[in-house]
K.L.:
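Here it is, the structure, as structure tokens.
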Amino acid sequence: MSDNLNSALQRVIENTHSDAADKLLAGLSSLKSAFSSQQFFYLFAICPRWFGKGTPEENTDLIPFDHYGVLHNWSNAQLARLFVLSTLAQTVDKQSYKKNINELFKTADLNEMVLLVHALSFLPEPEAFVERAREAARSNIESVFCALAHNSNYASKYFDLAGWNQLVLKAAFLAVPIWSMVGLRERNNTELVTMLKNYAIERQAAARTVPWDLFCCPGWLASSEPELEFLVQQHARGTNKIKAAISMALSENTHREAKKLAATLAPQQKISWQDIATLENE
Amino acid sequence: MYIDPHIHMSARTTDDYQTMAEAGVVAVIEPAFWLGQPRTSVDTYRDYLASLVGWERFRASQFGISHYCAIGLNSKEANNEELAEAVMEILPLFLAKEGVVAVGEIGFDEQTALEEKYLRAQLELAKQFDLPVMVHTPHRDKVQGTILTMDICEEHGLDPSQVIIDHNNETTVKQVLERGYWTAFTLYPQTKMGSERMVNIAKEYGSERIFIDSSADWGVSDPLAVPKTANLMLQSGIAKKDVEKICYSNALAAYAQSGQISAEHWQKSALDQSQLFEGNSVLRGQKPKVSE
């Protein structure tokens, strides 16, 4: 994390909650003179009790660092916790920084876990925490999973092929949005498409619903006749949302045959992914 | 509306959560305890404590039940000094977390010197973190153990109003109440206190600072003990307002001293499992239950 985000966070929490910020700064400054993990863990844990549930009166200082609008919605306590983490990075060497962050993951409560996963995008040495992020991608706790899957480019930047594919498949499994995942198009690949198609077929065999936006991935990559035929079949049996998603993805596909098919399926489609997401699912 | 202020949900099934929610249990407090066999490492202890503030809270929330916990080193495992020392080191990591309403359950099992040492150390932690204390009184030599625990609490400067003495029975209730402590009763189907005995105690001692819990765990126990006893009390002619205190508001008042539990939590959040439906590992695609 740059010094700038650290000082922007400090300004925001000082402006809204100066008493709590004073206590926190005193605690952090004692860490700088003599570091103790216990004290660091305590400061991280205690933020909600010191800062309460309020949100900052003014957080425009954070905009330059907040590419996906995450910090915009954070409470003072959450911002204070991020400030604690970023200050750690400036206080101890890399090894100790990684060790202490990993320890926080091990003892995190629900809200702390969500925050830690979000924080990975804002902290230095992000690639050191890929395994923690992979654990979040395996979580059945939706808020933890979504902290990684949405409004963050962490996974698309640092996950290998297997990690990325499992993340997308798990999003389908948890029925949370796939279409809005950062990097979905750039990281799309044939292995993932096969996994998603198999997942759709398995769900349909059990007469269960299939997430509409799962069809982005096969739609963007389809080129051969069997691939296109699969989408024609799914379009025919699909809900309005699925039909729109298949046509949309095919229209964004670079292959000629796919574009042709898109034009046949939905000749007049002028619609965005966001629009499709808000359609009724009938 | 009921609170079960002492129940080990990690040892219970989702069916229990479901029937508890149907019976009107809105909140539970899960104190850290032993697992039926001793742990051999601080790592498994840490994972257990992390599950109390993490996964178990999430699991309860899916059934519309607010989950809180007490964090501590139990008396049985206090006798393994090496483990106990390591656990004492990690307790501060958990005591300031959200939903932690007490240090507990702590106290005596065999009343050994090591048990006393770690009881004292944890009373100091409670003071440091400004948390109430949930005391487990011993099942053997109960009266002496209970009196000794209260003496030690006072020696450490704790006010009785900050301490909940649990697993009381006819032999301890009088002294515990007289000394000003919250006086809790565990309702076990076969041992300790039964519902009928509890009705008699409520008739004799009233409802001031008295509350009940199930302490349901992996043994023979009943997660519906609080609502069932409440019904029996009402049938036996105990006034509704007293039943409400014994089965809901006294426990709330005792643990609300932590600042971590409030009726707003369950009054505000209408249950909506449907948000978590589909492929979720707890509901596994079952039809979600949505409150009306």
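Atoms considered below: every heavy atom in the structure, side chains included; atoms not considered: hydrogens, waters and symmetry mates.
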K.L.:
Indicate yes or no for a side-chain donor-acceptor contact from Asp109(A) to the backbone of Val53(B) under 3.5 Å, with no hydrogens or angles considered.
P.N.:
no
K.L.:
Only heavy atoms, only distances under 4.5 angstrom. Which residues in residues 18-32 of chain A are near chain B?
P.N.:
none
K.L.:
Mind jotting down which residue pairs meet the side-chain hydrogen bond (donor to acceptor under 3.5 Å, both in side chains) criterion with at least one end in residues 70-83 of chain B? Sequence neighbours excluded, please.
P.N.:
Arg39(B)-Glu77(B), Tyr45(B)-Asn74(B), Asn74(B)-Glu77(B), Asn79(B)-Thr112(B), Asn79(B)-Glu115(B), Glu81(B)-Lys117(B)
K.L.:
Just verifying a value: how many Å separate Leu110(A) CG and Lys97(B) NZ, rounded to the nearest 0.5 Å?
P.N.:
11.0 Å
K.L.:
Nearest 0.5 angstrom please: Phe94(B) CZ to Thr107(A) OG1, how far?
P.N.:
5.0 Å
K.L.:
Does the Glu112(A) side chain pair with the main chain of Gly54(B), one donor and one acceptor, at a distance under 3.5 Å?
P.N.:
no
K.L.:
Please table the atom pairs, donor to acceptor, closer than 3.5 Å between any side-chain atom in residues 2-10 of chain B and protein atoms at least two apart or in another chain.
P.N.:
{"residue": "Asp4(B)", "atom": "OD1", "partner": "His6(B)", "partner atom": "N", "Å": "3.3"}
{"residue": "Asp4(B)", "atom": "OD1", "partner": "Ser214(B)", "partner atom": "N", "Å": "3.1"}
{"residue": "Asp4(B)", "atom": "OD2", "partner": "Ser214(B)", "partner atom": "OG", "Å": "2.6"}
{"residue": "His6(B)", "atom": "ND1", "partner": "Asp166(B)", "partner atom": "OD2", "Å": "2.7"}
{"residue": "His6(B)", "atom": "NE2", "partner": "His8(B)", "partner atom": "NE2", "Å": "3.1"}
{"residue": "His6(B)", "atom": "NE2", "partner": "Glu105(B)", "partner atom": "OE2", "Å": "3.1"}
{"residue": "His6(B)", "atom": "NE2", "partner": "Ser215(B)", "partner atom": "OG", "Å": "3.4"}
{"residue": "His8(B)", "atom": "ND1", "partner": "Pro31(B)", "partner atom": "O", "Å": "3.1"}
{"residue": "His8(B)", "atom": "NE2", "partner": "Glu105(B)", "partner atom": "OE2", "Å": "3.2"}
{"residue": "Ser10(B)", "atom": "OG", "partner": "Glu30(B)", "partner atom": "OE2", "Å": "2.5"}

K.L.:
Can you confirm whether Asp43(B) sits close enough to Lys106(A) that some side-chain heavy atom of one is under 4.5 Å from a side-chain heavy atom of the other?
P.N.:
no
K.L.:
Heavy-atom cut-off 4.5 Å, strictly under: side chain, backbone, both or neither for Leu52(B) against chain A?
P.N.:
neither
K.L.:
Which residues pass the side chain to side chain contact (heavy atoms under 4.5 Å, CB included) test with Asn165(A), not counting sequence neighbours?
P.N.:
Leu161(A), Asn189(A), Glu191(A), Leu192(A), Met195(A)
K.L.:
To the nearest 0.5 Å, what is the distance between CZ on Phe129(B) and CZ on Arg49(A)?
P.N.:
8.5 Å
K.L.:
Distance check, rounded to the nearest 0.5 Å: Phe44(A) atom CZ versus Leu93(B) atom CG?
P.N.:
11.5 Å
K.L.:
For the atom pair CD1 (Ile141(A)) and CZ (Arg57(B)), what is the distance rounded to the nearest 0.5 Å?
P.N.:
11.0 Å
K.L.:
Measure across Glu89(B) and Gln38(A) and return the closest heavy-atom pair with its distance rounded to 0.1 Å.
P.N.:
O-NE2, 2.8 Å
